[in-house]
Each structure stands twice: as C-alpha cells, then as structure tokens.
Amino acid sequence: MIKNKQSTRSLVAFLVTWSFLILTVSGIVLYIVPQGRIAYWIHWSLSGLDKEQWSGVHMMFGGLFIVTGILHLYYNWKPFKRYLVERARGQLQVKQELVASLVFSLAILLMSVYSIPPVSWVFDLNAAVKDAWVSSPELEPPFGHAEEISFKAIVRRMGLDQDKAVESLEQAGIRFAEDESLATIANANGMNPMEVYGIFSRYKIERDPVPLASLSPEEIEARLAGTGVGRRTLAQVNDQLGLDAVESLRRLAERGIDSDGSETLRTLADSRGISPIDILKLMIPEAQTIKAPAPKNDAPIAEE
C-alpha cells in the first residue's frame, strides 16, 4: 500500500526505472527484428513474443515512461529547481548549456528527418540487420502480407495450377479449406505460412509472353507493383525480366541516371524523388517482353 507522498515518489521512481529498462530491451529487439513481411511469413518470435507483441510492449511502456517521467519531475520539482539555482550561483553557464542542448536536439531531429549522416548510418545499419534475416529466397513471401490471403486467391494471383496445388497439400496431410488464409492453414497444422506455400508454389502455369510495347505505363505498374521489384538491383531486374543489361543502363544514362547495375531500384528512385516503377519504365525498351501476370517467382521480394 502507498501510505504517503514519499512512498508515491518511490513508486514513480521505480516505474520510471523499469519502464526505461523494458524500453531498452524492446527497442533493441524491434531494431533487429526482420522486416514485417518476413516476420509474419515465417512466424518470427523471440522469447515467445512475435513482432506485434513486442511492438505492443514497446508502445505501452513508452507511454508509461512518459507518464511516470512527468510525475517524477512533478514530485521532484523543488529539489530540481533548487539544484538549478545552486548551479547557477556556482557560475555554471546554464543558459549556454540549455541553448547547446536545444541545438543538439534540433540537429538530431533534422538529420533524422532528412536522413543525414551520421544519423543515416543508424538507419542503414538497421536496414542491413533486418535484411540479414533473409538468408535464402524461400524466406521471402511472393508479395506483402501474402499470409493474409486465402489459398484460393493466392493460387489465382500467382498463376498456379489449382488442382495440383490442392493435391499437393492433401498428399502432405495438410488440413485446409480453400477459402482459408495461409496463416490460418499454417496455424491449424503447426507450420508457418512459408512452409505451407512452399508445398504448392512450384505448380506454376506458364503463360504466353506479353509485349511491353502493347502495355501502357499504368498496365506495367499494375503487373509489377507489389512484386518487390523496388528491392531488386538493376542487374537482378534485368535478369528477372529478360532485359538487355547494357541497353537498360544506356537508357537510364540518357535520362541522367548513372548506375553500374548494383543499386536497387528503390535506391535510385529515392535519390531522384520518383518511384521504383518509374525507374523500371525508363529501363524497358519497346522490343522487350515479360511474362504475365507478374515476373518469375523464383526469388520473389515484396515491399513491407
């Protein structure tokens, strides 16, 4: 029981401490957790908690830290105020330190917003750590949140042979209904969505090539958007779509976009304030073709 103001002050101090510790742990976890599309696809978890649960813990203790921090300052306002006065009398340049701290905080804020080094290095490390979880193409979903799509819908979207897909799941002893999502099927069978999809994903129906020259920019975007093309390098995209690498780079260079093929479409697009699909449209000469309805699914990458 809280008997007096001193007890309340102690309680608040302990809550601030515990909140700080838990925020530190959850912050580190969320910094290294796989990208959402990977975490949900493989049912990632740490200490029994999945990504959403860790996010919930971080959010709630963030709120608790703010509230208890305010209370902590309230209960300790007089000694805090007295400390500042005594330090000021000791000829400490409080005003200069206040201004310096504000300038430093503002600098961090601006570097975060505009992704300027050295703050951008923290972002780059975060992206590298998250991407490091993808050790093989099989870990990538065919598109973002594919685990939420029904078996029937994902078969249709990925251009798979539905009869063979159903037969493969039945032969594997998977209990499922065609209108159930991959996540539901996976949970019912003690698996993750990636494992379920891996059973039937190989039964792809080959489709006739579609001339890109016959497609409008909007149709190209509709066919390729959401397939993760932005996360692929130029070299990977050229190989995936059967484009001439030299010709693609030449076409980009003519529009002032120089590249050696190692950059991702997203990197090139962000540096010029356009979308990855816009970069792709510039790469494609009229004589090239792709397969409908989407690029090959040998190593799909989807945006988060």
Side-chain angles (χ1 to χ4, degrees), residues 1-40 42-133 144-145 266 270-271 273 303-304:
M1 295 293 293
I2 300 175
K3 299 179 180 180
N4 51 50
K5 187 175 181 179
Q6 183 60 40
S7 296
T8 303
R9 183 178 298 169
S10 298
L11 173 64
V12 169
F14 280 121
L15 286 174
V16 169
T17 301
W18 293 126
S19 298
F20 171 76
L21 292 174
I22 294 175
L23 279 175
T24 299
V25 173
S26 60
I28 293 174
V29 170
L30 293 176
Y31 187 83
I32 65 173
V33 69
Q35 300 284 4
R37 68 185 189 281
I38 305 298
Y40 302 133
I42 65 175
H43 276 180
W44 177 92
S45 66
L46 180 64
S47 298
L49 303 180
D50 61 23
K51 182 177 181 180
E52 286 191 358
Q53 290 172 315
W54 275 108
S55 297
V57 169
H58 190 73
M59 180 178 65
M60 292 308 301
F61 277 91
L64 180 62
F65 184 75
I66 292 172
V67 173
T68 54
I70 294 173
L71 289 175
H72 182 72
L73 183 61
Y74 169 77
Y75 283 118
N76 294 277
W77 178 250
K78 288 184 177 180
F80 177 71
K81 181 179 178 181
R82 188 181 310 114
Y83 170 81
L84 291 180
V85 171
E86 291 176 353
R87 299 293 287 181
R89 289 174 178 173
Q91 298 182 346
L92 178 68
Q93 300 297 327
V94 176
K95 184 176 181 180
Q96 291 183 9
E97 292 181 352
L98 176 61
V99 172
S101 65
L102 288 175
V103 170
F104 179 77
S105 298
L106 181 60
I108 295 295
L109 174 62
L110 293 176
M111 286 189 287
S112 300
V113 171
Y114 294 104
S115 191
I116 300 172
V119 170
S120 63
W121 299 342
V122 179
F123 300 156
D124 293 340
L125 178 60
N126 174 242
V129 170
K130 288 180 177 293
D131 290 341
W133 288 92
H145 297 294
R266 171 69 65 188
D270 288 346
S271 66
E303 306 293 349
E304 181 174 6

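For clarity, every value in this text was computed on a predicted model and none was experimentally measured.
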(message) Could you check whether any side-chain heavy atom of F123 comes within less than 4.5 Å of a side-chain heavy atom of V119, counting everything from C-beta outward?
(response) yes
(request) Side-chain contact test, heavy atoms from C-beta onward, threshold under 4.5 Å: evaluate it for K130 versus V33 and give yes or no. (result) yes
(request) Would you mind reporting whether E52 and Y40 have side-chain heavy atoms less than 4.5 Å apart? (result) yes
(request) Search all heavy atoms of V57 against all heavy atoms of I22 and return the closest pair with its distance. (result) CG1-CG2, 3.8 Å
(message) Which heavy atom of H58 sits nearest to which heavy atom of S26, and what is that distance?
(response) ND1-OG, 2.7 Å
(request) Check whether more than 12 heavy atoms from other residues, nucleotides or ligands sit under 6.0 Å from atom OH of Y31, and answer yes or no. (result) yes
(request) Drop me the distance from N76's CG to L71's CG, to the nearest 0.5 angstrom. (result) 10.5 Å
(request) To the nearest 0.5 Å, tell me how far R37 CZ sits from I42 CD1. (result) 11.0 Å
(message) Testing the basics here: between G48 and Q53, what is the closest heavy-atom pair and its distance to 0.1 Å?
(response) O-OE1, 3.7 Å
(message) Could you check whether any side-chain heavy atom of L102 comes within less than 4.5 Å of a side-chain heavy atom of L106, counting everything from C-beta outward?
(response) no
(request) For residues L30 and K51, report the shortest heavy-atom separation together with the two atoms involved. (result) CD2-O, 4.3 Å
(message) What's the separation between atom CG in L21 and atom CZ in F61, rounded to the nearest 0.5 Å?
(response) 10.5 Å
(request) Side-chain contact test, heavy atoms from C-beta onward, threshold under 4.5 Å: evaluate it for L110 versus I116 and give yes or no. (result) no
(request) Output the distance between atom NE2 (H43) and atom CG (D50), rounded to the nearest 0.5 Å. (result) 8.5 Å
(request) Decide yes or no on side chain to side chain contact (heavy atoms under 4.5 Å, CB included) for S105 and L109, but give the supporting numbers first. (result) CA-CA 6 Å; S105 298; L109 174 62; over 6 Å; no
(request) Answer whether the closest heavy-atom distance between the side chains of P118 and V122 falls below 4.5 Å. (result) no
(request) Report, as yes or no, whether the 6.0 Å neighbourhood of atom CZ on F20 holds more than 12 heavy atoms from other residues, nucleotides or ligands. (result) no
(request) Check whether any side-chain N or O of W54 sits under 3.5 Å from a backbone N or O of L46 as a donor-acceptor pair, and report yes or no. (result) yes
(request) Kindly compute the distance separating CH2 (W44) from CD (Q35), expressed to the nearest 0.5 Å. (result) 12.5 Å
(request) Any chance you could measure S120, atom OG, to L125, atom CG, to the nearest 0.5 Å? (result) 11.5 Å
